[in-house]
Amino acid sequence: MTQSTSSTLPRDIVLLIDTVVSRTRLRRHERADIHRELSAHFCDGIAAGESADELLAKFGDARESAKELRAGAIAKRPPMDRALRQLRLAAGWGLVASIAVYGLAIAYLSTQKPVLSFDPIARFQASLPKAVAGEEAWVIYKQGLLLLADRSSWAPDGSLNPTGLVFNECGGDRSDAVCVGANCTPAFVDPDWERHCKALMERAAGLELLSLASRKATLGCRPAHTWEASDADFFPLEQFNSLSRETAFPLLNVRLPHILLLKKAGRMLAADAVFALEQKDGGRFVRNISAMIGTSMHAEEDGILVSQIVASGIRKAASACIVIALASHPQTLTDDQLNSLAQRLREIPDSAYQLDLSTELLSLQDVMQRTFSDDGNGDGIYNPAYATALMATLYGGPSAEQVVFTPSEQTIAVLLSPFGAAVMATRKETNALCESLFSKTEHQSTLPLWQQTFDHADEFEELVRLKSLGLEMWFIPRLLVPAHANAASTRRRAQSNTHAAQIAIALEQFRRANAGAWPTSLDALVPAYLASVPADPYTGKPVGYAIANDHPLVWSVGEDKIDQHGIAAQQQDERAPEDWIWITRNPNATPSSASRETNEEPA
Amino acid sequence: MRAMAPTRIPSTPVDRELMRGAGPTAVLKLLERGEMYGYELVEAIDKRTDGILAMGQSTLYPLLYNMEAKGLLASRWSEENARPRKYYRLTAAGRKRLAADSLQWRAVAQAMGSLGVVYALS
């Protein structure tokens with residue numbers, strides 16, 4: 001109908017109607033209705049004798065007309081329809097405004113760049129013990145390790161293989177070379193034990209160098225994110241140095257290959273200590289144990305968390321070796337050697353069981369100074385655009401360089417920057433949280449296990465739960481802090497291993513002084529052989545003691561705090577919690593706890 | 001004092017703002033006697049007001065749409081004639097509104113007459 005009506009109209013009028021209707025930008029049926037009505041109107045005008053020009057002149061401005069018609073047609077729509085339109089309009093404008101604000105925020109954040117206010121590597125290295133000339137152990141360790149390493153560590157042309165030094169032959173790469181077996185006789189359960197013993201015997205000079213190094217005052221190794229060319233025959237430098245990122249997070253990228261080597265040195269010393277027992281060489285046993293303790297002190301010298309954990313592991317293995325020795329070869333050690341071991345254990349400072357998170361905090365603060373802006377007063381806002389390198393460092397694994405962020409990913413990070421700034425805690429808040437958590441965790445490590453009430457992980461989880469965007473708010477701490485969750489208890493727990501070794505020595509000393517009789521209680525060891533009876537780490541009460549099958553049995557009630565009188569779970573119910581057996585000589589009595597405790601890898 | 005002689009009213013279209021108030025009342029008044037279509041309304045307003053309240057389509061149709069939206073008018077398409085036409089008629093609300101507007105215009109005219117702006121209505 002519309003078509004037929006408008007087809008009778010002059011072309012100019014049809015054009016005008018089409019233009020006006022088109023400009024109304026109304027819905028299809030609304031436009032059709034207006035088109036039809038205007039066409040009818042002009043047809044009536046023509047029929048009434050008016051000329052096209054007259055009608056066009058009377059019509060008025062097409063743009064203004066379209067605007068008025070649109071307003072009128074919209075007014076005719078149902079109220080709900082109009083309300084929805086208003087809503088859409090408001091939403092549209094809101095979106096436009098949001099995009100504009102977001103764009104401005106991106107522009108603003110691009111001006112809020114991180115400011116590097118300190119050199120973390122310099123600060124870290126300044127915290128290391130001052131090296132005394134001639135008292136640096138690292139050079140001697142290296143010489144000893146080179147002697148102990150397998151020949152396969154080097155290519156035929158003499159260059160170090162990419163895997164670095166290998167210690168398979170001496171048992172340094174075996175976590176179970178020592179301290180394995182329910183009956184505390186590790187040598188018999190390692191199929192390669194004889195091969196290890198042979199290699200250890202042939203390379204005794206290397207072990208002597210390790211022992212010599214362990215007596216030095218300081219390690220004298222300054223970890224960095226790159227290693228010196230002089231270490232090329234020692235570390236696969238190409239591998240380490242190619243991974244370093246001068247511009248990313250240098251402290252996170254500090255390489256600690258020496259810690260791994262000290263850990264392996266500890267294993268070989270432990271293996272040789274057990275071998276010495278078999279050869280009834282008490283002097284070498286004591287020398288190796290003493291060397292392990294010295295090595296552990298060197299390992300944690302840099303204050304890095306992983307170094308402290310490795311150090312605890314080496315000391316734990318040393319204590320386990322003493323317990324094993326006195327359980328299986330007590331006659332090998334002379335009275336003087338027992339005194340010497342007891343003295344060496346007493347020399348371990350309490351700080352060796354405490355946690356030092358200062359380097360970890362420094363590392364976090366370095367991350368903050370590189371991902372937050374700096375207002376000059378220690379505060380700032382987080383910007384994801386600067387955190388992509390951090391993600392690469394943390395998630396890139398051993399070859400962080402493989403995680404390369406493409407320009408589009410960087411663009412996404414920039415686009416996310418206002419979101420990150422809005423959601424993330426400020427630099428001051430993040431720093432305060434980390435300082436608080438670290439301080440509490442460090443304090444916990446100064447307390448016995450039974451007095452440790454602060455749970456680092458729970459506290460952090462609670463913080464995250466308090467806010468709906470908690471996970472995002474504490475993004476940086478969430479990435480880096482959880483690793484510290486159990487560190488305080490791990491460090492303090494290692495003291496119990498020392499206590500076990502001290503009790504084992506004291507029991508043997510008592511037995512020798514009393515014609516082979518064991519004391520009826522541990523109190524009998526005080527003060528002649530022990531300063532005091534060590535407390536059960538989980539209750540604070542004296543540890544359990546009994547004579548089982550004519551042999552002493554010493555135990556802690558374990559984490560469940562239920563005293564099962566040193567009876568292992570397997571003998572009752574596999575699901576039942578177990579006591580933590582410290583000392584036993586009866587292989588059938590403790591097939592589990594003691595061996596598991598002593599089985600644990602140094603780290 | 002000699003009585004003021006009546007002045008001839010010039011036939012010029014009224015101001016847009018004034019038209020905004022007068023237009024709807026004029027349309028309501030014209031539709032009081034029966035339904036009319038758009039062109040018919042334009043012509044009627046032009047002739048009956050001597051062109052003073054004349055309005056083009058760009059004014060009339062949006063005005064009709066608005067009044068229809070307010071429920072003062074109702075419309076229907078008629079196919080009875082050679083050309084389809086959309087007829088508008090008063091609703092009950094429109095009649096009520098016309099009555100109210102008429103009273104107000106009368107009051108305005110009287111007030112203006114009192115002031116000598118227009119001749120007082122008899």
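Throughout, protein chains are lettered first and strands after them, A, B, ... in sequence-line order, and every chain is numbered starting at 1. Computed from a predicted model, the values in this text were never measured in an experiment.
Between B:Y61 and A:E68 the shortest side-chain heavy-atom distance does not fall below 4.5 Å. The closest side-chain heavy-atom distance from B:K86 to A:D33 is below 4.5 Å. Taking the side chain as every heavy atom from C-beta outward, A:R36 and B:R85 never approach each other to under 4.5 Å. With contacts defined as side-chain heavy-atom distances shorter than 4.5 Å, the pair A:R70/B:Y65 does not qualify.
Only the side chain of A:E50 has a heavy atom closer than 4.5 Å to any heavy atom of chain B. Neither the backbone nor the side chain of A:I74 comes within less than 4.5 Å of any heavy atom in chain B.
Residues B:Y39 and A:A48 approach most closely at OH-CB, 3.4 Å, considering heavy atoms. In terms of heavy-atom proximity, A:A75 sits nearest to B:A69 at O-CB, 2.8 Å. Considering every non-hydrogen atom in both B:R83 and A:C43, the closest pair reads CD-CB, 3.0 Å.
Counting heavy-atom neighbours within 6.0 Å of A:R31 CZ, excluding the residue itself, gives a total above 12. Within 6.0 Å of atom OH in A:Y108, 12 or fewer heavy atoms from other residues, nucleotides or ligands are found, so the atom counts as exposed in its surroundings. Around atom CZ of A:R63, no more than 12 heavy atoms belonging to other residues, nucleotides or ligands sit under 6.0 Å away. Surrounding CZ of A:R82 are more than 12 heavy atoms belonging to other residues, nucleotides or ligands, all under 6.0 Å away.
Note that CG of B:N66 is 10.0 Å distant from NZ of A:K76, once rounded to the nearest 0.5 Å. For the atom pair B:L63 CG and A:L69 CG, the distance stands at 11.5 Å (nearest 0.5 Å).
The pair B:R76-A:E37 does not count as a salt bridge, with every side-chain nitrogen at least 4.0 angstrom from each carboxylate oxygen.
Applying the salt bridge (Lys or Arg N to Asp or Glu O under 4.0 Å) test to residues at least two apart or on different chains, none of the pairs has a partner in residues 418-433 of chain A.
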Let's go through A:D44 and B:E43 carefully: what are the C-alpha distance in whole Å and the side-chain angles of both, what is the deciding distance for side chain to side chain contact (heavy atoms under 4.5 Å, CB included) to 0.1 Å, and is it a yes or a no? CA-CA 10 Å; A:D44 283 334; B:E43 287 298 299; over 6 Å; no

